[in-house]
Number of protein chains: 2
Amino acid sequence: MNIKFLYKLLRNLGSKTFEKGEIIIDEADKINNVFYIRKGLVRSYLINEKGEEITFQLFAERQIFGNVHTILFNEPSKFTFETLENTKVYFTDLKTFQDLSTSNSDFLKIDNAIFGRQILKQAFQRIDSFVFLSPEKRYQQYLKDYPNIISRVPDKYIANVLGVTPVSLSRIRKRISKKN
Amino acid sequence: MNIKFLYKLLRNLGSKTFEKGEIIIDEADKINNVFYIRKGLVRSYLINEKGEEITFQLFAERQIFGNVHTILFNEPSKFTFETLENTKVYFTDLKTFQDLSTSNSDFLKIDNAIFGRQILKQAFQRIDSFVFLSPEKRYQQYLKDYPNIISRVPDKYIANVLGVTPVSLSRIRKRISKKN
DNA sequence: CTCATTTATTATCTTTTGTTAACGAGTATT
DNA sequence: AATACTCGTTAACAAAAGATAATAAATGAG
C-alpha cells in the first residue's frame, strides 16, 4: 500500500475524545461516520418493548464500529452507541471513504479490508457461536476472543451480548469455576 | 444505473445448473465465486466434532451466497454448499467483480449494493434474532422472513439454523399450534 | 405397491434457562 | 456517616431445552 494514500487517509480522518457516559450515536440518528477506537470502550444498545436496555455489542481498542443501519440502508440507527470509559476515536464518514475508494483502487482495498472484512468477520463469528456453541461455550469463547473487554464492563452487558439473562450467566460462571 | 454496465455485468456472469444433491462448494475448497440463485435451494453445512451435519444457512430464489471464508480471508471454505433441489445459478468470481468495480463507479455501487449489503443485512438480522428473540419468536420470524424456504426443507435443517435441536423445534411448533 | 430409510413427533428424564425476589458487596450521593 | 443505587449471586419455582429412545408419519428406491 502506497504511503501517499495513507497520508491522504489520515488527512481525511477526524479524531474526537468522549467522556465516559457520552452518547456517540443516538437511536434514530442518521450518522454515517465510521469510528475506530484508539482508546476506550463503547457499547451499543436499544430499549426493548418492556423498557429494558439490551446491549447488542461492545467495542474496545482497535475495533471499528459504525451505524450499520444508516451506512448500509440509509435508515435511522437502531442502536444507541454510548461510551463506558473516556474514549478516543478516529472517524470519517462513508462519503469520504467512498470518494477515496472510487478514485483510487488502493483505497478500495482499504475500504474492503477495514470495512467489509472486520464487520463481516465479526458478524459471522458471532452467528457461528450461536449456531454451534452452547451458552457456556459461547461465554468461554467470548472470554478468549475479547479478553480486554470482559474485565471492564458489567456482566449483565456480556449476558445480553451472549443472548442469555444475567442470572443465567452468573450460573454459567459458577459452573465453570466448579470445573476448575 | 447505466444500461451499458448492466450488459457488461451480464457478459461477465456465468450460469450453471445443478442437479439436486450436488455439491457447489466443498469444505476446504478455495472458490471465489459469488452465486445468485435463479431457481432452486441450497444449504451450507459442516460436520462437527461429533460427526453430525449442522446446517448453517439456507438459500433460495433471489438470494446471493458465496464462500465467505475464501472471499474475505483467502482461507478454505468452512462449509459445504449443497443443492437440495435442482438449482440454476448465475455466478461470477470476486476478481471479475472487483475489476468491474474499480474500473467503474457504477459497478462499485452494484458491488456494495448486492454484496456487502445483502450479506451484511442478513448477518445482522440473524444476530438480532439471537440476541433479542426467544427460540419460539425466532422460529416465527424465520417463517415470516423466508416463507419460500420452510415448506421445502426438512425441519431439522431449520432447527440447526435457529440454533436449537430438531426435537426442541418440534415442541416449539406444537406450542405455537396450541395457541391458535 | 412394498420395503427400507429418513424425518417428525412423542415420551421420559435430566439439565439448563427464565422469572422473580431476596440478599449482600460495592459505589456513589448527599 | 448515612442513604440510595447498582451489580452479582443465590434461592425457589415454572418453563423450556437437551439427550435418548420409541413410535408414527412421510419419503424414496426398487
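Because only heavy atoms are used, hydrogens play no part in the values below, and waters and symmetry mates are left out as well, while side chains stay in. Values in this document were obtained by computation on a predicted structure and should not be read as measured data.
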Distance, rounded to the nearest Å, where [X] contributes [atom1] and [N] contributes [atom2]:
| X | N | atom1 | atom2 | result |
| --- | --- | --- | --- | --- |
| A/L133 | C/dT17 | CG | P | 13 Å |
| A/K178 | D/dT9 | NZ | P | 13 Å |
| B/I158 | C/dT9 | CD1 | C1' | 17 Å |
| B/I150 | C/dT7 | CD1 | P | 18 Å |
| B/K137 | D/dA15 | NZ | C1' | 15 Å |
| A/I172 | D/dG18 | CD1 | C1' | 14 Å |
| A/Y139 | C/dT16 | OH | C1' | 17 Å |
| B/K174 | D/dA16 | NZ | P | 13 Å |

Just by distance, no angles: are the side chains of A/R62 and A/Y36 close enough, under 3.5 Å, to form a donor-acceptor pair? no
Distance-only side-chain donor-acceptor flag, A/R138 / A/S129, under 3.5 Å: no
From [options], nucleotide with atom closest to [X] side chain:
| X | options | result |
| --- | --- | --- |
| B/Y157 | C/dA8, C/dG18, C/dT7 | C/dT7 |
| B/V167 | C/dA21, C/dT7, D/dT20 | D/dT20 |
| A/P154 | D/dG8, C/dT10, D/dA12 | D/dG8 |
| A/S168 | C/dT7, D/dC7, C/dG18 | C/dG18 |

Under 4.0 Å from OP1 or OP2 of [N]: is there any side-chain N or O of [X] that close?
| X | N | value |
| --- | --- | --- |
| A/R175 | C/dT17 | yes |
| B/K156 | C/dT9 | no |
| A/T165 | C/dG18 | yes |
| B/R173 | C/dA8 | no |

Is any N or O donor-acceptor pair between the side chain of A/R171 and the base of D/dG8 shorter than 3.5 Å? no
Does the plane of the ring in B/H69 sit parallel, tilted or perpendicular to the ring in A/F124? Use 30° and 60° as the thresholds. perpendicular
Could you tell me how the ring of A/Y142 sits relative to the ring of A/Y146: parallel (under 30°), tilted (30 to 60°) or perpendicular (over 60°)? tilted
Which part of the nucleic acid, if any, lies within reach of A/P166 when heavy atoms closer than 4.0 Å are counted: base, sugar-phosphate only, or nothing? nothing
Report which part of the nucleic acid B/L169 touches: base, sugar-phosphate, or nothing (heavy-atom distance under 4.0 Å, all strands). nothing
Nearest heavy atom decides the nucleotide; on that basis, is B/E136 or B/K20 closer to the 5' end of DNA chain D? B/E136
Cation-pi check, A/R38 to A/Y90: give yes when NZ or CZ is under 6.0 Å from the six-membered ring centre and within 45° of the ring axis, no otherwise. no
